[in-house]
Amino acid sequence: MASTVSAAIDLPCSLSNPADPKNRNCFTSSFKPHPSRRRFFVVCSAPKSPTRAPESFSEQSRNNPSLSEQLKPLSTTTLSAPTTAQTHVLKSKPKSTWVNPTRSKRSVLNPRRQKRSQHSYNPRVKELRLFAQKLNECESSESSFLSVLEEIPHPPTRENALLILNSLKSWQKTHLFFNWVKTQNSFPMETIFYNVTMKSLRFGRQFQLVEELANEMISNEIDLDNITYSTIITCAKRCYLFDKAVEWFERMYRTGLMPDEVTYSAILDVYAKLGKVEEVLSLYERARATGWKPDPVTFSVLAKMFGEAGDYDGIRYVLEEMRSLGVKPNVVVYNTLLEAMGKAGKPGLARSLFEEMVESGLTPNEKTLTALVKIYGKARWARDALELWERMRSNGWPMDFFLYNTLLSMCADLGLVEEAERLFEDMKQSESSRPDSWSYTAMLNIHGSDGNSDRAMELFEELSRSGVELNVMGCTCLIQCLGKAGRVDDLVRVFDASVNRGVQPDDRLCGCLLSVASMREEGEDLHKVLGCLGRANPKLVAFVKLLQEESVNFEKVTVEFKSIISETAVEARRPFCNCLIDICRNQNLHDRAHELLYLGIMYGLYPGLHNKTADEWSLDVRSLSVGAAQTALEEWMRTLSRIVKREEALPEVFSAQTGTGAHKFSQGLANAFASHVGKLAAPFRQSEERAGWFVATREDLVSWVQSQNPPAVAA
DNA sequence: GCATGTTTCT
């Protein structure tokens, strides 16, 4: 494919073309602040100071301002308070003073990475490796480890000890060995020993021990270098101790040690994970302004951050920065950008970016393909998804367990039943990608949506036999399917079995049971379904019963409705309301249905239901159930009748949007709506120009209202 | 995960 993302987003040249050499200098005009600079004006807040600062630091700290101090001039000038006036100033003067500096700024990072010392060949490497193997295989207890240590074939000199330390696998053993070496007193402990031990402790997410070692270094006056700090920071990050990560970063500055780009990227990622976009951009731009050329890791951090925020401008900024600096993205950067494009809802750009990646000679890995498959599935791009799948097979691109499951989910999104079955069979045959609860959920989703309740039940039995855990999502798919098929006894059996196996019913599952209830007539089956629902959400069932009582007034309904909805997960609120309306309509409780629709609108469950422009009023019922859409149509016709009777101003066109049901399995809301229009003899016709729309002219509507006999509504 | 440090997935 010839088109590139760069072209698609109006960049002058493609990412795959190296940038003009003159652009590689950070001080040229190609360096522009990220567009969000003009959108947000959060002060670059100083991270908290560490609670305890070792004495030896204080003297140095007077000479070396902390990072936040260094950044202060920025925050008090260009990035100051978020006032309208300043917003205006910045908008009219986008080039802030430090972007094109007239004098050089104090640097915030060391342009050269910390050098590693060369190690010389150790003639005893073979025996020491064998011995390390022995240590790896022995029991983890301190006593057995120490007894094996007694058999060490050569004295623990600096080189021998380092070799073994590097060869141990579990953090417990690394830690034990490190402590043992210290007791031997055969040589002074150096930074590298701490670094290697900390790295191992990081695998075990042992931040507390890492911090103890770091403090031990400080008290023994062993220098902490960039490798030490980056290890501490990333360890804190992996343990979600972000404040600790910032604290150690600040401490590094105070002692006068300048971070190199690895440490700098690590701390950028910490701020990014905290969602502190402004801080990340401050740090990034500050370093860029002093001449730093970021590496792909930095761009991957930035892309991930913008992706998480769904910030498309940010993603564009990352692409543009890489282009102008002539940084070639690697596979990780592409993966992160693809993921970000997906989160920002840009499937077309993701596709172009992927093509650009392949054209640049990179081979997509499992994560690349997982990201793309997910995007095509969510976008319902069946053709692209199937083409990609074919390319994966013909090119022998790598597959892993995640990718299998993502492909299955894509099949569910696209309604690809046979393809899913083939994949599922492949998974069962494979060594490393056996179906798990995600795979089964996707399969239950596929067959459930397809209405194949026999196959769905088969899968349920198979899953139960194979010992795979059933998750609440799979349970919900199956129950929905059985409900639609009218297999209420099987539904009850599945519900009981699931709850007994530890499935915790959530609001979606309750919504599903409620929708099954809404499809049943009054009788034994309805009773059984409500029985299940009552075990998960007794209050909801009590409300359903309450709706059926004539003596209950609107005030009482309002109070109970509010109470239930406020306790319900946001994504399940509208479905609840839709189903409750359907239940009322099935039982000829039309006034109640109208009350519930009114309450749903009042509580914001149907935003954008009614839209007015001078020329057209329209009703958007795409997110409504059939009963709710019918109720909304009735309500709207009543309102319009009143307006006609009062001879108030009306637009030329009235329209109602039902959607076409792009999903293969979607229910026929349009058909149900059409038949209800017919029943009311309302003057709407299905539009030929706009699929999924019903339209009526003002003339049609007025004559319909006037022909109503008796009048539909009193004026 | 292999003689010390940074980034990506249902």
Side-chain angles (χ1 to χ4, degrees), chain A residues 113-122 125 128-129 132-133 136 158-171 174 178 190-204 224-235 237-238 245 259-270 272-273 294-305 307-308 318 329-340 342 364-375 377-378 398 400-410 412 433 436-439 441-442 471 473:
Chain A
R113 282 191 190 199
Q114 180 178 321
K115 276 229 171 99
R116 290 165 183 239
S117 54
Q118 290 285 320
H119 63 271
S120 50
Y121 175 72
N122 188 328
V125 61
L128 289 166
R129 283 245 181 241
Q133 181 98 4
N136 276 324
R158 181 189 181 280
E159 278 66 35
N160 293 348
L162 196 51
L163 204 148
I164 292 172
L165 195 64
N166 263 304
S167 310
L168 294 174
K169 286 178 182 168
S170 79
W171 63 267
T174 312
F178 174 76
E190 294 167 29
T191 306
I192 187 171
F193 285 86
Y194 284 89
N195 291 351
V196 174
T197 308
M198 283 183 184
K199 183 188 173 188
S200 177
L201 290 170
R202 191 185 58 184
F203 276 112
L224 285 75
D225 62 13
N226 259 284
I227 296 177
T228 321
Y229 279 110
S230 61
T231 310
I232 296 171
I233 288 166
T234 52
C235 178
K237 189 176 71 187
R238 282 184 203 179
D260 66 9
E261 68 175 334
V262 175
T263 316
Y264 209 72
S265 292
I267 201 70
L268 283 182
D269 194 41
V270 169
K273 294 261 173 344
D295 69 351
V297 175
T298 310
F299 289 117
S300 159
V301 168
L302 292 181
K304 168 94 184 178
M305 175 181 77
E308 289 299 319
V318 172
N330 61 19
V331 176
V332 176
V333 174
Y334 273 114
N335 291 353
T336 319
L337 282 166
L338 284 172
E339 184 86 5
N365 66 17
E366 296 89 335
K367 286 170 184 173
T368 320
L369 299 165
T370 301
L372 204 58
V373 165
K374 202 164 114 191
I375 289 168
K378 291 285 162 258
D400 69 359
F401 182 61
F402 281 135
L403 185 49
Y404 264 118
N405 272 344
T406 308
L407 280 165
L408 277 184
S409 295
M410 178 199 80
S433 303
D436 71 344
S437 67
W438 274 91
S439 326
T441 298
N471 63 28
M473 168 94 170

Per [X] side chain, nearest of listed nucleotides [options]:
X	options	answer
A/Phe402	B/dT8, B/dG5, B/dC9	B/dC9
A/Lys169	B/dT7, B/dC2, B/dG5	B/dC2
A/Lys367	B/dT8, B/dA3, B/dG5	B/dT8
A/Ile227	B/dT4, B/dT7, B/dG1	B/dT4
A/Lys304	B/dT8, B/dG5, B/dT4	B/dT8
A/Asp400	B/dT7, B/dC9, B/dT8	B/dC9
A/Asn166	B/dG5, B/dA3, B/dT8	B/dA3
A/Ser265	B/dG5, B/dT6, B/dT7	B/dT6

Is there a donor and acceptor pair closer than 3.5 Å between the side chain of [X] and the base of [N]?
X	N	value
A/Thr263	B/dG5	yes
A/Thr231	B/dG5	no
A/Asp225	B/dG5	no

Atom [atom1] of [X] to atom [atom2] of [N]: distance rounded to whole Å?
X	N	atom1	atom2	result
A/Phe193	B/dC2	CZ	P	20 Å
A/Glu366	B/dC9	CD	P	14 Å
A/Lys378	B/dC9	NZ	P	16 Å
A/Tyr404	B/dC9	OH	C1'	17 Å
A/Leu403	B/dC9	CG	P	14 Å
A/Glu339	B/dT8	CD	C1'	8 Å

Using a 4.0 Å heavy-atom cut-off across all strands, classify [X] as base, sugar-phosphate, or nothing.
X	result
A/Asn136	nothing
A/Asn405	base
A/Thr228	nothing
A/Ile233	nothing
A/Ser167	base
A/Asn330	nothing

Using 4.0 Å as the upper bound for N to carboxylate O, is an ion pair formed by A/Lys304 and A/Glu339?
->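 Between A/Lys304 and A/Glu339 there is no salt bridge, as every charged N stays at least 4.0 Å from the carboxylate O atoms.
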Please answer whether B/dG1 and A/Phe203 are stacked, defined here as ring centres separated by less than 5.5 Å and planes angled under 30°.
->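 Stacking between A/Phe203 and B/dG1: present.
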Check this one for me: any side-chain N or O of [X] less than 4.0 Å away from OP1 or OP2 of [N]?
X	N	result
A/Lys237	B/dT7	yes
A/Lys273	B/dT8	yes
A/Arg129	B/dA3	yes
A/Arg116	B/dA3	no
A/Arg158	B/dA3	no
A/Arg113	B/dT4	no

Without swapping roles, check the side chain of [X] against the backbone of [Y] for a donor-acceptor pair under 3.5 Å.
X	Y	value
A/Gln114	A/Asn226	yes
A/Thr228	A/Asp225	yes
A/Thr234	A/Ser230	yes

Please step through side chain to side chain contact (heavy atoms under 4.5 Å, CB included) for the pair A/Leu163 and A/Asn160, ending with a clear verdict.
-> CA-CA 5 Å; A/Leu163 204 148; A/Asn160 293 348; 5.8 Å; no
Sticking with atom P, work out how far B/dT7 lies from B/dG1, rounded to a whole angstrom.
->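 It works out to 12 Å between them.
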Looking at residues at least two apart in the chain, or sitting in another chain, which of them share a salt bridge (charged side-chain N to carboxylate O under 4.0 Å, His left out) with A/Lys169?
-> none
Kindly write out the residues that satisfy side-chain hydrogen bond (donor to acceptor under 3.5 Å, both in side chains) with A/Thr231, not counting sequence neighbours, or none if the list is empty.
->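 side-chain hydrogen bond (donor to acceptor under 3.5 Å, both in side chains) check on A/Thr231 returns nothing, list empty.
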